[in-house]
2 protein chains.
Amino acid sequence: MGRKIMKQAASKTHATRTVIELRKKILGGELPGGTRLYEVPLAEELEISRTPLRDAMSRLAEEGLLERARSGGFVVRQFSFADVIDAIEIRGVLEGTAARLAAERGVKPEAMASIQAVVKELDGVFGANPGEVEFEAYSELNARFHAELAALSGSKIVEKEVERAARLPFASPSAFLPDKTDIAAFRRSLNIAQEQHRAIVQAIAAREGARAEALAREHARIARRNIEYVLLEDRSLIERVPGLALVVA
Amino acid sequence: MGRKIMKQAASKTHATRTVIELRKKILGGELPGGTRLYEVPLAEELEISRTPLRDAMSRLAEEGLLERARSGGFVVRQFSFADVIDAIEIRGVLEGTAARLAAERGVKPEAMASIQAVVKELDGVFGANPGEVEFEAYSELNARFHAELAALSGSKIVEKEVERAARLPFASPSAFLPDKTDIAAFRRSLNIAQEQHRAIVQAIAAREGARAEALAREHARIARRNIEYVLLEDRSLIERVPGLALVVA
DNA sequence: CTTGCGGCCCATGTATACATTTTCGTTATT
DNA sequence: AATAACGAAAATGTATACATGGGCCGCAAG
């Protein structure tokens, strides 16, 4: 197929590619929160013209990583510790709403079967001994669980808003997955999270809206605890969490 | 070529003015949901070039009134009846979160005094007889109440998300204010709403988070009922609600 | 009639020159 | 010394020409 020589294989347009590139720089800390993005030098550095750069920046503003300055131009958004906590809270509240609506309005059997299958698959990534987890598989399945949960609400709007709330990388359900980190509490948290996955699905199946909502909210607290640990107890882990570079001390 | 004749009446830049103009056309129904916005003809019609037009469209995408088409370009966003209901639900959930956090975290006395003053002022717009209301004043104070409630959360993030959820015009707290409409149920709803305003503030002052949250959610149901009435019972009122032109049958 | 290919058209993507506004240092005036 | 006013530099805003690429139509082969 692609016989055409594209120096940039990944994306089609300069703007699209620039979104990715800028996002990487922002999340990687190369462009810290509060940085003003001057169009001319930045365009030169990226070897594109100002037009696609502005397009890319406006998309990143939609994404919440940049904000428009009052006098024009864009600035890298800056988050405080409290902002991170609150962003996670909102994600939990919205996922809770998705879970509650799913319970109240009911879900199609196929959708229920599908998310139950994800939970079952998640069971499979835990080894015999506590602490044994296939992180890669867990991470992927966890993302799928959260995506399907949002969809269970049966509401495109709710689904979209949940997705949006999780777009801030440190607020995402996969913000901090222990990976190879050798901290017992982190590893244990995966077991707890999985138990909550199960309970949420169960509550939705039983049409227990309030319980489903409360469980989903509590579920988001795991992310909060992990982030709090990273930010307050062991800041050496900051670089392991995408987007935490945006958080000002 | 270089025309220096600039009729910049209202806003500073062409883009800013175009945002306002397009928003008006969208909410007014002149550009119905699903309409693709072709840059060249639209730019000609608005008598600007494509550059500020694209800027304006991207801002409207941030606002949620447009969406980017997969193949490029912008399309006027379209909402179903269910979407309207769900957007109001989300606004209620987020305002509920703001109220709960205010109660849980506590608010500064001055902020509490300020919102209590708004409630007191709102009392003043009701006349002696039921149904007597100064609509203009009510509308303005109601908007202030909701803005201050969001701020009571003490969280910039929550405040911003509440504001965002209310930006979809039909989901806003002032989406459908009876105005001169002579429907008894609508007029009564204002009294009920005001009682809820009072209760929400009271719950926050008493640090009753769950109650504050539940009340704020229920408060949003008034908007839902009113919109449902307009859409299901008396569609002649549709034109009275900004943005309802976007809602497809 | 179907199907696949080729090319044209049109819409968006991009570069760039020019216009306007903002910013900030400097100077003049009180 | 404070401040107002000015102006140069720099940054964003705008217009426009040109590039690119996807979709549609027609034609020809099967």
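Computed from a prediction, not measured in an experiment: that's the story for all the values here.
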Item to check | Below 4.0 Å: OP1/OP2 of D/dG13 and any side-chain N or O of A/Arg54 | outcome: yes
Checklist outcome for this item: Residue pair A/Arg50/B/Val40 against DNA chain C: nearer the 5' end by closest nucleotide is B/Val40
Item to check | Any B/Glu63 side-chain heavy atom under 4.5 Å of B/Ile26 side chain | outcome: no
Next on the checklist: Without decimals, in angstroms, what is the distance between A/Asp55 CG and C/dT16 P?
Outcome noted: 17 Å
Checklist entry - Is the A/His146 ring parallel, tilted or perpendicular to the A/His197 ring (thresholds 30°, 60°)? => result perpendicular
Next on the checklist: Of the options C/dG13, C/dT23, C/dT16, whose atoms approach the side-chain atoms of A/Thr51 most closely?
Outcome noted: C/dT16
Checklist entry - How long is the line joining CD of A/Glu44 and P of D/dT12, in whole Å? => result 13 Å
Checklist outcome for this item: Here the distance between atom P of C/dT20 and atom CD1 of B/Ile48, to the nearest Å, is 16 Å
Checklist entry - Under 4.0 Å between a side-chain N or O of B/Lys12 and OP1 or OP2 of C/dT22? => result yes
Item to check | Earlier contact from the 5' end, DNA chain D, for B/Pro52 and A/Gly73 | outcome: A/Gly73
Checklist entry - In whole Å, what is the span from the CE atom of B/Met57 to the P atom of C/dA11? => result 13 Å
Checklist entry - For C/dT12, does OP1 or OP2 lie under 4.0 Å from any side-chain N or O of B/Arg36? => result yes
Item to check | From D/dT14, C/dT14, D/dT12, nucleotide with atom closest to A/Thr13 side chain | outcome: C/dT14
Checklist entry - Rounded to the Å, how far apart are B/Arg68 CZ and C/dT12 P? => result 13 Å
Item to check | Side-chain H-bond candidate by donor/acceptor type, A/Glu89 with B/Thr97, under 3.5 Å | outcome: no
Checklist outcome for this item: In whole angstroms, the gap separating P of D/dT14 from CD of A/Glu39 amounts to 12 Å
Checklist outcome for this item: B/Arg17 CZ to C/dT21 C1', in whole Å, measures 14 Å
Checklist entry - Within the structure, does a side-chain N or O atom of A/His14 lie under 4.0 Å from either OP1 or OP2 of D/dT20? => result no
Next on the checklist: We want to know whether A/Asp83 and A/Ser80 form a side-chain donor-acceptor pair, criterion being a heavy-atom distance below 3.5 angstrom.
Outcome noted: yes
Checklist entry - Which nucleotide sits closest to the side chain of A/Tyr38: D/dA11, C/dA17, C/dT23? => result D/dA11
Item to check | Nearest-angstrom distance from the residue atom CZ of A/Phe74 to C1' of C/dT22 | outcome: 17 Å
Checklist outcome for this item: From the list A/Lys108, A/Arg144, A/Glu148, side-chain hydrogen bond (donor to acceptor under 3.5 Å, both in side chains) partner of A/Ser114 resolves to A/Glu148
Next on the checklist: Does a side-chain N or O of A/Ser49 approach OP1 or OP2 of C/dA15 to a distance below 4.0 Å, or not?
Outcome noted: yes
Checklist entry - Contact class for A/Leu42 vs. all strands (heavy atom < 4.0 Å): base, sugar-phosphate, or nothing? => result nothing
